[in-house]
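Below is one structure, written out as structure tokens; comments come after it.
Predicted model only: the values in this text are computed from it and were never measured. Read the numbers this way: they start at 1 and go in the same order the structure lists the ligands and their atoms.
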Amino acid sequence: MATGFDQREGFIWMNGEFVKWADAKIHVLTHGLHYASAVFEGERAYGGEIFKLNEHSERLHESARILGFEIPYSVTELNDACSELVRKQGLQNAYVRPIAWRGSEQLGVAAQETRINCAVAAWEWSSYFDPAQKLKGIRLCMAEYRRPDPLTAPSRSKACGLYTICTISKHAAEAKGYADALMLDWRGQVAEATGANIFFVKDGQLHTPTADCFLDGITRRTIMGLARDRGIEVHERAIMPEELEGFEQCFLSGTAAEVTPVSEIGPHRFVVGEIAKTLMNDYYAIVQPKHAVAAE
Ligand code: PMP
């Protein structure tokens, strides 16, 4: 078994200070563990610089607010903590994981008296999906779980609790030999994968589900911008699963997934076509740190 995430070297930023990696611990009676009163972010550093850091820090704040708590560090303080950590750890291409959670001062459904904790960890990381597989396109199956109605879950928050159905769905997909699963939403419309948004291509135009009950990804919005810059029409709309067979290309987008072409969703096949490849390259170009681009 690989070295656990609790066994690594270096430092973790925790509640305002850098602590040794092995010392960044919480008690077993932590509210966040029992009641999933926790929110997180997934960020990525390229050449030592975190892409769209401010948007991630703002989203972490907003996610917490939706769950009814306020993170005791400003967006600027979070930005500084993340950047300093990447520097301190000597990381170039890395994944950065901020998390905020309710502590152990109160353990019941009500938790107004809990301290709000916050930590950031970062580690060297190249690709979420196997890079060789990426250009061939990954295979998805259909998930059994659906993204919940916003009236039944805080769907705009990147809340830890919402990932229960993602982990179950991802495990089921991997057990069947697929890389990931496509989740429908509560209405039966195409929603997203277990940790990434989804796009389709048809007749040179981009189609993506309206993000009204799942995470409106920062990468998703970046990709829509890149497509429009190239004059590609983008349609944000309700997409029914019956439409899948009519799409020519498909790809996932996310901080971790970047742009990952999809070759198959159940019986439906897609080509890794020009638009998916172009947007994949445009995305790689835009995530490079400004000083690297300026130096070219
Ligand atoms: N949906 C889910 C469920 C995710 O976990 C992620 C990754 N954060 C995304 C979409 C993509 O969001 P982003 O582009 O902001 O990383």
Side-chain angles (χ1 to χ4, degrees), residues 36 38-46 50-64 66-67 75 78-79 82 93-100 120-122 125 127-129 138 140 142-143 145-150 153-173 179-186 189-200 206 208-227 234 236 239 250-260 262 279-280 282-284 286-287:
V39 295
F40 72 104
E41 267 308 314
E43 305 167 357
R44 200 156 170 150
Y46 296 88
I50 301 169
F51 184 63
K52 301 219 165 167
L53 171 58
N54 198 62
E55 284 184 41
H56 283 284
S57 298
E58 281 180 349
R59 187 168 70 184
L60 189 72
H61 264 255
E62 185 54 23
S63 292
I66 292 169
L67 294 207
V75 167
L78 289 177
N79 288 346
C82 293
N93 299 309
Y95 186 76
V96 183
R97 166 56 60 87
I99 182 159
V120 186
W125 209 50
S127 190
Y128 184 52
F129 293 108
I138 59 163
L140 310 189
M142 296 301 294
Y145 277 102
R146 292 182 170 197
R147 303 305 308 178
D149 180 343
S155 48
R156 297 203 81 80
S157 172
K158 196 165 163 63
C160 296
L162 290 174
Y163 282 83
T164 308
I165 54 173
C166 299
T167 298
I168 294 171
S169 303
K170 179 107 175 165
H171 285 187
D180 205 346
L182 171 64
M183 303 181 85
L184 302 181
D185 72 13
W186 55 288
Q189 298 172 5
V190 171
E192 58 170 354
T194 63
N197 293 121
I198 194 158
F199 284 87
F200 300 96
L206 221 48
T208 193
T210 308
D212 58 6
C213 63
F214 56 86
L215 207 66
D216 180 7
I218 292 168
T219 319
R220 174 184 184 274
R221 293 198 299 266
T222 306
I223 297 298
M224 291 198 289
L226 290 171
V234 182
E236 274 184 282
I239 296 175
C250 173
F251 59 86
L252 302 184
S253 76
T255 298
E258 300 171 315
V259 173
T260 296
V262 173
L279 292 171
M280 192 168 156
D282 285 358
Y283 187 73
Y284 280 130
I286 206 175
V287 295

Between ligand 1 and T255, is the shortest N or O to N or O distance under 3.5 Å?
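Yes, at least one N or O pair falls under 3.5 Å.
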Hey, is ligand 1 close enough to S253 that some N/O pair sits below 3.5 Å?
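No - when backbone and side-chain N and O of S253 are compared with those of ligand 1, no distance drops under 3.5 Å.
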Could you see which bit of F214 sits under 4.0 Å from ligand 1, with heavy atoms only: side chain, backbone, both or neither?
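No part of F214 comes within reach of ligand 1.
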Residue, atom name and distance, where the atom is the protein heavy atom closest to [atom]:
atom                    : result
atom 5 (O) of ligand 1  : Y163 OH, 2.4 Å
atom 6 (C) of ligand 1  : G195 O, 3.3 Å
atom 14 (O) of ligand 1 : T219 OG1, 2.6 Å
atom 12 (O) of ligand 1 : G217 CA, 3.4 Å

Working to the nearest 0.5 Å, report the span between [atom1] of [X] and [atom2] of [Y].
X    : Y    : atom1 : atom2 : result
T255 : K52  : OG1   : NZ    : 10.0 Å
E55  : R221 : CD    : CZ    : 5.5 Å
L206 : L279 : CG    : CG    : 6.5 Å
E62  : L60  : CD    : CG    : 10.5 Å
D212 : D149 : CG    : CG    : 9.5 Å
S169 : M142 : OG    : CE    : 10.5 Å

Does OH belonging to Y283 count more than 12 external heavy atoms closer than 6.0 Å?
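Enclosed: over 12 neighbouring heavy atoms sit under 6.0 Å from OH of Y283.
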For E192, the ligand 1 atoms whose distance to one of its heavy atoms is below 4.0 Å
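Answer for ligand 1: 1 (N), 2 (C), 3 (C), 10 (C).
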Give the atom numbers and elements of ligand 1 that come within less than 4.0 Å of a heavy atom of N197.
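Under 4.0 Å from N197, ligand 1 has these atoms: 10 (C), 11 (C).
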Run through P98, S63, C160 and flag the one making a side chain to side chain contact (heavy atoms under 4.5 Å, CB included) with F40.
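Going through P98, S63, C160 one by one, the side chain to side chain contact (heavy atoms under 4.5 Å, CB included) with F40 is satisfied by C160 alone.
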Tell me whether the rings of F251 and F199 are parallel (<30°), tilted (30 to 60°) or perpendicular (>60°).
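Ring orientation, 0 to 90° scale: parallel.
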I'd like to know whether ligand 1 has [X] as a neighbour, heavy-atom separation below 4.0 Å.
X    : answer
A196 : yes
K158 : yes
R221 : no

Ignoring hydrogens, just give me the one of I198, T194, I218 whose non-hydrogen atom is nearest atom 13 (P) of ligand 1.
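Considering heavy atoms of I198, T194, I218, the nearest to atom 13 (P) of ligand 1 sits in I218.
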